[in-house]
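Computed from heavy atoms alone, side chains included, the values below leave out hydrogens, waters and symmetry copies. For reference, positions follow the sequence shown, starting with 1.
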Amino acid sequence: MLSFRQLLWLFFYLAFILLSQCTHAKDLKSSCHTCKQIADNFIKGLDQTKKQNFGGGNTAWEERALSKYETSEIRLVEILENLCESSSFDCNHMVEEHEDHFETWWFKRQNKHPDLYKWFCIDTINVCCLNGTFGPDCNACVGGSERPCHGNGVCDGDGTRGGNGRCNCDHGYKGEFCLDCIDGYFNEIRNDTFSLCTECHSSCKTCTGLTNEDCEKCKTGWGEDDEGACLDVNECLNDPPLCKEDQYCLNTDGSFSCKGCDKVCSGCTEAGPDKCQSCAPGYQDTEGTCTDVNECEQPDAVCTAGNQECVNNKGSYICICASGYEEQEGVCVTIPEPGAVVSDDSWFSWLTLYLTSVHDQAKENEEAADTVKRPEEHVDL
């Protein structure tokens, strides 16, 4: 029997093997991508240089004495120098490693093998496969190389020497061969080699057709009626309510949402100041709509301290010093003229006014506690 230490080493060894295989498969896919990019850039280079020449003073003589620019080594070098970005290590390394293959193709193979990608990437350095095949031996993908995954997915490693050939199914499809349908879809057409999955009605979790009457099972938020059709459940009729007191419920297909009431409302049934169950403090019902109460226009004054005036705002009011007065220690006093000296009589008058104001305010607060409670936003300056 293996010891714990031996089992631990075995575990790490197997993990290393699996990790190495995954890394190797990833490297093979990456190598094919790099090679395809190089081949594509080579063809672009051919197109960019097709109208160029040696650039000397006597091009015709140079082509007779040397060679035609079209098939010259100079043109090949110009193309090779622009195949890769300077920052792409993998690309530059592959070009340098296989530069002799490019020369062979350029001078000896391009007429017989005009497809550089197939000759170089697939048949020569063996990093890619034809479309629809994968792996070291370029085996056919599931479903065949003509229609990998039966046309409903992507074969892992398709076109490379890596991958495992398994299907990654398109949305709506599942299974090893991408012929089965996921929940919410049904097989409109199905045989051994072809499958067409079509989306069910939005109310169906599983179905056999397009309508809500074809549901085999309803989605959450939908219920089955007497005829077997899936219909929306109105969660807003739930008792007890699903939303908070300052929210209203909005039903949607298969679900619901909680929306905040208008700030003028104390509870509501829908959005807007005309859908309040009752009005918030500082607002009143005016023909079915909650509107602001103007406390400053009420018969009984709300700002009773000396030299104050009332300013209404939404849902409340504030008391401020009237024009020509300023607040000092809670009392509105006359703003002195620039350079004026405050006399003792003025000081005595201010003190009297302050004490009177404090007394009146205390009395007012006592009366207010026994009558109507003022809004929380009320600020008495």
Counting N and O atoms only, with roles assigned by atom type, does the side chain of [X] sit under 3.5 Å from a partner on the main chain of [Y], one being a donor and the other an acceptor?
{"X": "Asp232", "Y": "Gly254", "value": "yes"}
{"X": "Asp262", "Y": "Gly272", "value": "no"}
{"X": "Asn191", "Y": "Thr193", "value": "yes"}
{"X": "Arg166", "Y": "Cys141", "value": "no"}
{"X": "Gln37", "Y": "His33", "value": "no"}
{"X": "Thr133", "Y": "Leu130", "value": "yes"}
{"X": "Arg161", "Y": "Cys128", "value": "yes"}
{"X": "Asn307", "Y": "Cys332", "value": "yes"}
{"X": "Asn212", "Y": "Ala229", "value": "no"}
{"X": "Tyr185", "Y": "Tyr173", "value": "no"}

Notebook entry, point to check: What's the verdict on side-chain contact (heavy atoms from CB on, under 4.5 Å) for Cys169 and Asn152, showing C-alpha distance, side-chain angles and the deciding distance?
Noted result: CA-CA 6 Å; Cys169 300; Asn152 301 323; 5.9 Å; no
Hey, could you give me the [atom1]/[atom2] distance between [X] and [Y], rounded to the nearest 0.5 Å?
{"X": "His98", "Y": "His93", "atom1": "NE2", "atom2": "NE2", "result": "7.0 Å"}
{"X": "Tyr317", "Y": "Cys296", "atom1": "OH", "atom2": "SG", "result": "8.5 Å"}
{"X": "His150", "Y": "Leu196", "atom1": "NE2", "atom2": "CG", "result": "14.5 Å"}
{"X": "Leu83", "Y": "Glu96", "atom1": "CG", "atom2": "CD", "result": "11.5 Å"}
{"X": "Asn82", "Y": "Phe42", "atom1": "CG", "atom2": "CZ", "result": "11.5 Å"}
{"X": "Ile79", "Y": "Leu46", "atom1": "CD1", "atom2": "CG", "result": "4.0 Å"}

Note to self: Would you call the rings of His201 and Trp222 parallel, tilted or perpendicular, taking 30° and 60° as the class edges?
What the structure shows: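 Because their plane-to-plane angle is over 60°, the rings of His201 and Trp222 count as perpendicular.
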Next item on the list: Evaluate the ring planes of Phe120 and Phe102, with Trp represented by its six-membered ring, and classify them as parallel (under 30°), tilted (30 to 60°) or perpendicular (over 60°).
Entry: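 Answer is tilted, since the angle falls between 30° and 60°.
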Heavy-atom closest pair, residues [X] and [Y]:
{"X": "Trp106", "Y": "Ser72", "answer": "NE1-O, 3.1 Å"}
{"X": "Gln308", "Y": "Cys303", "answer": "OE1-CB, 3.8 Å"}
{"X": "Asp158", "Y": "Gly132", "answer": "OD1-N, 2.6 Å"}
{"X": "Asn92", "Y": "Ser88", "answer": "ND2-O, 2.7 Å"}
{"X": "Gly135", "Y": "Cys129", "answer": "O-SG, 3.4 Å"}
{"X": "Cys35", "Y": "Val127", "answer": "CB-CG2, 3.7 Å"}

Would a hydrophobic clustering, with Ile, Leu, Val, Met, Phe, Trp and Tyr connected at side-chain separations under 4.5 Å, put [X] with [Y]?
{"X": "Phe177", "Y": "Val154", "result": "no"}
{"X": "Leu116", "Y": "Ile125", "result": "yes"}
{"X": "Met94", "Y": "Tyr117", "result": "no"}
{"X": "Leu28", "Y": "Ile38", "result": "no"}
{"X": "Val142", "Y": "Phe134", "result": "no"}

Checklist line | Enclosure of Glu213 CD (heavy-atom neighbours >12, cutoff 6.0 Å) | finding: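 No, the 6.0 Å shell around CD holds no more than 12 heavy atoms from other groups.
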Next item on the list: State whether the number of non-hydrogen atoms from other residues, nucleotides or ligands found under 6.0 Å of Gln277 atom CD is greater than 12.
Entry: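 More than 12 within 6.0 Å, yes.
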Determine whether the interatomic SG-SG distance for [Y] and [X] falls below 2.5 angstrom.
{"X": "Cys215", "Y": "Cys200", "result": "no"}
{"X": "Cys290", "Y": "Cys265", "result": "no"}
{"X": "Cys178", "Y": "Cys149", "result": "no"}

Test item: [X] and [Y] side chains (from C-beta on) under 4.5 Å apart, heavy atoms:
{"X": "Arg75", "Y": "Glu70", "answer": "yes"}
{"X": "Trp119", "Y": "Cys121", "answer": "no"}
{"X": "Asn187", "Y": "Cys197", "answer": "yes"}
{"X": "Asp214", "Y": "Cys204", "answer": "no"}
{"X": "Ser255", "Y": "Thr252", "answer": "yes"}
{"X": "Glu199", "Y": "Phe186", "answer": "no"}
{"X": "Thr220", "Y": "Lys205", "answer": "no"}
{"X": "Lys29", "Y": "Cys32", "answer": "no"}

Next item on the list: Go through Val333 and Glu327 one step at a time and tell me if the side-chain contact (heavy atoms from CB on, under 4.5 Å) criterion holds.
Entry: CA-CA 6 Å; Val333 298; Glu327 189 271 335; over 6 Å; no
Note to self: Between Cys84 and Asn41, does the side-chain contact (heavy atoms from CB on, under 4.5 Å) criterion hold? Intermediate values first, please.
What the structure shows: CA-CA 8 Å; Cys84 306; Asn41 288 341; over 6 Å; no
Checklist line | Residues Asp47, Lys44; criterion salt bridge (Lys or Arg N to Asp or Glu O under 4.0 Å); working and verdict | finding: CA-CA 5 Å; Asp47 185 64; Lys44 291 179 183 178; over 6 Å; no
Next item on the list: Given disulfide (SG to SG under 2.5 Å), test Cys261 with Cys276 step by step and report yes or no.
Entry: CA-CA 8 Å; Cys261 294; Cys276 302; over 6 Å; no
Next item on the list: For the pair Phe107 and Glu73, evaluate side-chain contact (heavy atoms from CB on, under 4.5 Å) and give the outcome as yes or no after the intermediate values.
Entry: CA-CA 9 Å; Phe107 293 114; Glu73 184 174 1; 3.9 Å; yes
Next item on the list: Could you walk me through whether Asn168 and Asp156 pass the side chain to side chain donor-acceptor pair (under 3.5 Å) test, one step at a time?
Entry: CA-CA 7 Å; Asn168 297 312; Asp156 182 50; 4.5 Å; no
Margin query: Taking the basic N atoms (NZ, or NE/NH1/NH2) and the acidic carboxylate oxygens, is any pair closer than 4.0 Å for Lys217 and Asp183?
Written below: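 Looking at Asp183 together with Lys217, the answer is no, because their closest N to O distance does not fall below 4.0 Å.
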Next item on the list: Just do the side chain to side chain donor-acceptor pair (under 3.5 Å) check on Gln328 and Glu326 with the steps written out, would you?
Entry: CA-CA 6 Å; Gln328 292 184 9; Glu326 64 181 4; 2.9 Å; yes
Margin query: Does Glu78 form a side chain to side chain donor-acceptor pair (under 3.5 Å) with Tyr69? I'd like the steps, not just the answer.
Written below: CA-CA 11 Å; Glu78 289 178 359; Tyr69 175 81; 2.6 Å; yes
